[in-house]
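The structure appears below as structure tokens.
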2 protein chains.
Amino acid sequence: MVRKPTSKETARKPNMREAILAAAEELFATNGFNAVSVRDIAQAAGANPGSVTYHFKTKDGLLLEIYRRHCGPMNLRRSELLAAAKRVRDLQDRLEAVVRAYVVPAFTSGSDLAGGGARFTRLRAVMSAEGNEVARKIIAQTFDDTSHAFIDAVHESLPHIPRTDIVWRSHFLLGALYYSLVTPDRVSRLSRGEADGSDAASAIEQLVQATVAAFQAPALDQAAPVRRRPVVSSKT
Amino acid sequence: MVRKPTSKETARKPNMREAILAAAEELFATNGFNAVSVRDIAQAAGANPGSVTYHFKTKDGLLLEIYRRHCGPMNLRRSELLAAAKRVRDLQDRLEAVVRAYVVPAFTSGSDLAGGGARFTRLRAVMSAEGNEVARKIIAQTFDDTSHAFIDAVHESLPHIPRTDIVWRSHFLLGALYYSLVTPDRVSRLSRGEADGSDAASAIEQLVQATVAAFQAPALDQAAPVRRRPVVSSKT
DNA sequence: ATGTGATTTGTACTATCGTACAAAAGATCA
DNA sequence: TGATCTTTTGTACGATAGTACAAATCACAT
């Protein structure tokens with residue numbers, strides 16, 4: 001009864017379930033959750049609306065399954081890379097490797113689970129912006145461990161920076177990462193075509209470089225209060 | 001003690017039109033465009049659904065009006081601050097002032113037009129993530145001038161950095177800024193309560209400090225290619 | 001107080017939403 | 001083959017969406 005047809009799968013129609021998941025992922029990632037209807041997804045997957053209900057019960061269930069499929073592999077890949085990064089001896093190089101371990105899996109392109117990091121990360125960005133409840137629960141209980149591990153690793157490379165500052169800066173990193181995946185065309189536009197915002201390799205290098213520098217900035221507590229007079233101040 | 005303000009605006013019911021705009025702004029900014037219905041907005045504003053149609057014709061028209069109201073004041077404030085920042089003589093200080101001129105107006109809190117920067121910026125972040133068409137048009141034709149002026153100003157303080165790199169880094173800045181407004185609770189959570197992600201002053205200081213450092217990072221072209229062997233590389 | 005133009009209300013229309021469910025089709029094995 | 005289970009299809013239902021529009025109400029000059 002619980003027999004799993006792992007070898008042959010469904011042969012004639014190449015796995016409708018996967019097609020629905022892929023279509024939903026793409027549509028959610030580009031249009032948000034509420035703008036996409038179950039019928040849109042079914043049509044994009046070449047399936048029947050009822051088929052979505054059969055496989056995932058509800059629209060929320062479909063989103064939940066998208067998260068379930070990706071969280072494991074992505075966090076695994078991140079911890080592998082993080083472990084490798086921690087073995088780098090030079091402190092400066094180690095920091096860069098740690099940042100890279102966080103950034104690279106989020107940008108990998110492709111259609112399979114291991115490679116579809118960019119699409120899934122973009123999905124997370126959009127769900128985060130929409131304040132999606134399903135996503136919020138999953139995120140908090142699945143990604144916070146990874147985030148803490150990352151923050152700790154950065155902290156080890158920069159022991160003189162307060163942990164609070166590192167949290168802020170890693171938060172900025174995630175925001176920059178999200179935004180780069182959400183509106184890559186803006187980079188192309190503002191650079192007047194000199195840069196390609198859709199090029200993952202460029203985005204990674206630029207983001208890593210900028211983020212490492214941001215992490216290495218002096219701590220706020222000791223730098224900010226005794227600086228020169230504020231040149232620009234809020235009006236109220 | 002309240003003297004009846006005899007003007008064209010309705011006095012007894014304090015400007016329903018404004019109430020609708022404010023309610024829509026708040027709801028859109030926290031839930032996205034598609035998740036909020038006209039009836040939700042009307043109810044939050046204490047108005048009738050038909051009243052929304054009367055004042056703004058369509059739901060898109062309502063969103064459009066929100067943008068129209070804010071773009072002017074916010075860009076004005078930014079160019080004032082930018083002009084002031086450009087007069088700073090010390091290069092390092094000027095860069096910080098320029099970044100501050102970009103960041104501060106986006107974080108100002110309050111309910112009026114001049115002060116409601118945070119809410120409106122969060123709205124822009126969410127619309128951007130959802131790929132909203134109305135927002136996309138407005139943004140490209142209204143904010144690109146400001147963005148270019150900002151990029152140029154940063155470039156003046158850092159002439160040795162290629163413009164392309166500055167574009168990327170200012171893109172990261174906007175992403176970080178957006179994300180800080182969208183999920184401030186994440187900062188509180190990851191810092192285990194040591195930082196308050198909702199505190200605008202902290203967010204501004206942290207963001208300015210980190211961004212200035214990111215801008216000052218060495219240029220990519222000369223730094224990246226001849227570095228040590230890649231410690232972490234993509235699998236494919 | 002009364003007429004007039006600007007608002008607000010109430011309601012209704014159509015379209016589309018998520019989901020349920022029975023019937024059809026396909027697959028698997030005795 | 002026929003029996004049985006899984007998957008897909010087609011359709012329908014109640015809820016809610018955006019919007020239109022006539023009637024009611026309000027503010028205010030006359």
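Reminder, nothing fancy here: chain letters follow the sequence lines and each chain counts from 1. Computed from heavy atoms alone, side chains included, the values below leave out hydrogens, waters and symmetry copies.
When the salt bridge (charged side-chain N to carboxylate O under 4.0 Å, His left out) test is applied to Arg136(A), the partners found at least two apart in sequence or on another chain are Glu133(A). With sequence neighbours left out, Glu194(A) forms a salt bridge (charged side-chain N to carboxylate O under 4.0 Å, His left out) with no residue at all. Taking Arg192(A) as the reference, nothing meets the salt bridge (charged side-chain N to carboxylate O under 4.0 Å, His left out) condition, with sequence neighbours excluded. By the side-chain hydrogen bond (donor to acceptor under 3.5 Å, both in side chains) test, Asn75(A) is found to be paired with Thr146(A), residues two or more places apart in sequence or in another chain being considered. Every residue meeting the ring-ring contact (aromatic ring centres under 6.0 Å, His included) condition with His70(A), not counting sequence neighbours, appears here in chain and number order: Phe120(A). The ring-ring contact (aromatic ring centres under 6.0 Å, His included) test applied to Tyr179(B) returns His171(A), Tyr178(A), not counting sequence neighbours.
Ion pair Glu65(B)/Lys57(B) not flagged as a salt bridge, since none of the NZ, NE, NH1 or NH2 atoms sits closer than 4.0 Å to an Asp/Glu carboxylate oxygen.
The stretch residues 126-133 of chain A does not touch DNA chain C, since none of its heavy atoms comes less than 4.0 Å from the strand. A heavy atom lying under 4.0 Å from DNA chain C marks the following residues of residues 25-42 of chain A, by number: Val36(A), Ser37(A), Val38(A), Arg39(A).
Per the geometry, CE belonging to Met16(A) stands 14 Å off C1' belonging to dG26(C), to the nearest Å. If you take CG of Asn15(A) and P of dG26(C), they are 18 Å apart, rounded to a whole angstrom. Rounded to an integer number of Å, the gap from CZ of Phe56(B) to P of dG18(D) is 15 Å. Atom pair Arg17(B):CZ and dA6(C):P shows a separation of 15 Å (rounding to whole Å applied). dG18(C) atom C1' lies 17 Å from atom NE2 of His55(A), rounded to whole Å. Following rounding to the nearest Å, Tyr54(B) (OH) and dA23(D) (P) show an atom-to-atom distance of 18 Å. The NZ atom of Lys57(A) sits 15 Å away from the C1' atom of dT7(D) (whole-angstrom rounding). Remark: P of dT19(C) and CG of Leu63(A) are 12 Å apart, rounded to the nearest angstrom.
The salt bridge (charged side-chain N to carboxylate O under 4.0 Å, His left out) analysis of residues 30-43 of chain A, with sequence neighbours excluded, yields no pairs. For residues 26-35 of chain B, the pairs satisfying salt bridge (charged side-chain N to carboxylate O under 4.0 Å, His left out) are Glu26(B)-Arg119(B), with sequence neighbours left out. For residues 140-155 of chain B, the salt bridge (charged side-chain N to carboxylate O under 4.0 Å, His left out) pairs, not counting sequence neighbours, are Arg189(A)-Asp144(B), Asp152(B)-Arg163(B).
Bending across the helix from dA1(C)-dT30(D) to dA30(C)-dT1(D), expressed as the angle between its end axes from five pairs apiece, amounts to 10° (10° rounding).
For Lys59(A), the listed nucleotide lying nearest its side chain is dT19(C); candidates were dT9(C), dT8(C), dT19(C). With distances taken from any side-chain atom of Asn48(B) to the nucleotides dG10(C), dT7(C), dA20(D), the minimum falls on dG10(C). Closest to the side chain of Thr58(B), out of dT8(D), dA20(D), dT19(D), is dT19(D).
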* Start with the C-alpha distance between Gln206(A) and Asp165(B), add both sets of side-chain angles, then the distance that settles side chain to side chain donor-acceptor pair (under 3.5 Å), and finish with yes or no. => CA-CA 7 Å; Gln206(A) 292 281 357; Asp165(B) 290 22; 3.2 Å; yes
